[in-house]
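Structure first, then comments.
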Amino acid sequence: MHTEANLETILLGPVLPDRVCGDCTVCCTVLTVDTPEFRKPGETPCMHLTPQGCGIHATRPTICRTWFCAWRRTAAMPEQARPDLSGLLVSLNFERAPRNCFEGVSIIVRTTSRGGAIDKGMAGAVLDSLCHQLVPVWFSDGTKKMLMHPTDDVASLVLSGETAPAHLRDEVAAWREHYGVFGTEA
């Protein structure tokens with residue numbers, strides 16, 4: 001957990017003091033929590049969630065005290081991207097059994113039951129604010145997960161090890177250098 005918290009700060013930034021959860025409790029329903037102290041399945045409201053918010057806020061588990069969504073950490077994300085307002089929950093994802101180098105540690109943008117984020121353009125604005133560094137970004141609409149960054153052509157070249165065309169050479173080389181420790185098998 002300590003390593004994950006450090007990675008969240010490195011990749012998403014520190015918690016922004018001017019952004020607060022307010023009435024938002026999206027993470028209390030959407031996320032899977034699997035720590036020794038507390039477990040909750042994803043897409044299920046926490047047993048402590050009440051209409052007024054967390055029923056055990058003063059004594060909530062450590063994971064609930066220390067975890068913050070990307071909206072709370074990423075200044076480049078639009079103010080209106082707060083999960084309960086936008087229908088998107090953005091977080092750092094740690095995959096225990098990644099299938100390739102883009103799944104191990106990545107940013108995931110999930111649509112929530114609130115919906116409308118795609119039609120209203122919020123999903124595009126959020127993705128634009130996240131796809132600027134060498135961190136894979138995935139988008140999930142609840143039925144499938146799609147790699148949004150790097151682009152498909154760059155990702156397939158990184159994974160295959162094939163020679164990149166001139167216009168992609170620098171970008172592919174940067175991703176390979178950054179993720180070379182993971183190998184290039186798909």
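Owing to the predicted nature of the structure, the values given are computational and were not obtained by experimental measurement. Atom set for the values below is all heavy atoms of this structure, side chains included, hydrogens, waters and symmetry mates excluded.
- The shortest distance between side-chain heavy atoms of P83 and C24 falls below 4.5 Å.
- Residue M77 comes nearest to S129 through the heavy atom pair CG-OG, 3.3 Å, listed as atom of the first residue, atom of the second, then distance.
- With hydrogens and angles disregarded, no donor-acceptor distance shorter than 3.5 Å links the side chain of S140 to the backbone of K145.
- The structure places OG1 of T151 at 5.5 Å from CD of E171, a figure rounded to the nearest 0.5 Å.
- Contact check for P78 versus M122: side-chain heavy atoms found under the 4.5 Å cut-off.
- With a 4.5 Å cut-off on side-chain heavy atoms, L168 and D153 count as touching.
- When hydrophobic clusters are built by joining Ile, Leu, Val, Met, Phe, Trp and Tyr residues whose side-chain heavy atoms come closer than 4.5 Å, directly or via intermediates, V15 is not grouped with I63.
- The distance from the CD1 atom of I108 to the CG atom of L92 is 10.5 Å, given to the nearest 0.5 Å.
- Under a 3.5 Å cut-off, the side chain of E177 and the backbone N or O of A173 do not form any donor-acceptor pair.
- Residue D23 places its CG atom among 12 or fewer non-hydrogen atoms of other residues, nucleotides or ligands, all under 6.0 Å distant.
- Counting heavy atoms from C-beta outward, R73 and T9 have side chains that approach closer than 4.5 Å.
- Between the side chain of R39 and the backbone N or O of T35 there is at least one donor-acceptor pair closer than 3.5 Å.
- Within the model, atoms CG of D141 and CZ of R110 stand 12.5 Å from one another, a figure rounded to the nearest 0.5 Å.
- At a threshold of 4.5 Å between non-hydrogen side-chain atoms, the residues N93 and V105 do not count as touching.
- Under the 3.5 Å distance criterion, the side-chain polar atoms of T25 are left unmatched by any main-chain donor or acceptor of C28.
- Here the straight-line distance linking atom CD1 of I107 with atom SG of C131 works out to 7.5 Å at 0.5 Å rounding.
- Residues A155 and L147 share a closest heavy-atom pair of CB-CD2, 3.7 Å.
- The shortest distance between side-chain heavy atoms of L89 and L31 falls below 4.5 Å.
- At least one donor-acceptor pair under 3.5 Å links the side chain of T44 to the backbone N or O of G42.
- With K144 contributing its side chain and F139 its backbone, the two residues share no donor-acceptor pair below 3.5 Å.
- When atom types are taken as modelled, the side chain of R65 and the backbone of T62 share no donor-acceptor pair closer than 3.5 angstrom.
- Between W71 and V20 the shortest heavy-atom distance is CZ3-O, 3.4 Å.
- The closest donor-acceptor contact from the side chain of K40 to the backbone of M47 lies at 3.5 Å or more, if one exists at all.
- Looking at L159 and C101, their side chains come closer than 4.5 Å, going by heavy atoms from C-beta outward.
- Remark: aromatic rings of F102 and W138 are distant, center separation not under 6.0 Å.
- No path of Ile, Leu, Val, Met, Phe, Trp and Tyr side chains, each step under 4.5 Å between heavy atoms, connects F94 with F68, placing them in separate hydrophobic clusters.
- Considering all non-hydrogen atoms of both residues, R19 and T74 come closest at NH1-O, 3.2 Å.
- Considering all non-hydrogen atoms of both residues, Q133 and L11 come closest at NE2-O, 3.1 Å.
- Annotation: side chain of Y179 is in contact with side chain of P136 (closest heavy-atom distance under 4.5 Å).
- Taking every heavy atom of both residues into account, L88 and S86 meet most closely at N-OG, 3.1 Å.
- Remark: S91 OG to R72 CZ distance equals 14.5 Å, nearest 0.5 Å.
- A continuous path of Ile, Leu, Val, Met, Phe, Trp and Tyr side chains, each step under 4.5 Å between heavy atoms, connects L12 with I10, placing both in one hydrophobic cluster.
- Of the possible donor and acceptor atoms, one in the side chain of R176 sits under 3.5 Å from a partner among the backbone N and O of L157.
- A distance of 6.5 Å separates CD1 of I56 from SG of C46, quoted to the nearest 0.5 Å.
- Using a cut-off of 4.0 Å between Lys/Arg side-chain N and Asp/Glu carboxylate O, R96 and D34 are scored as salt-bridged.
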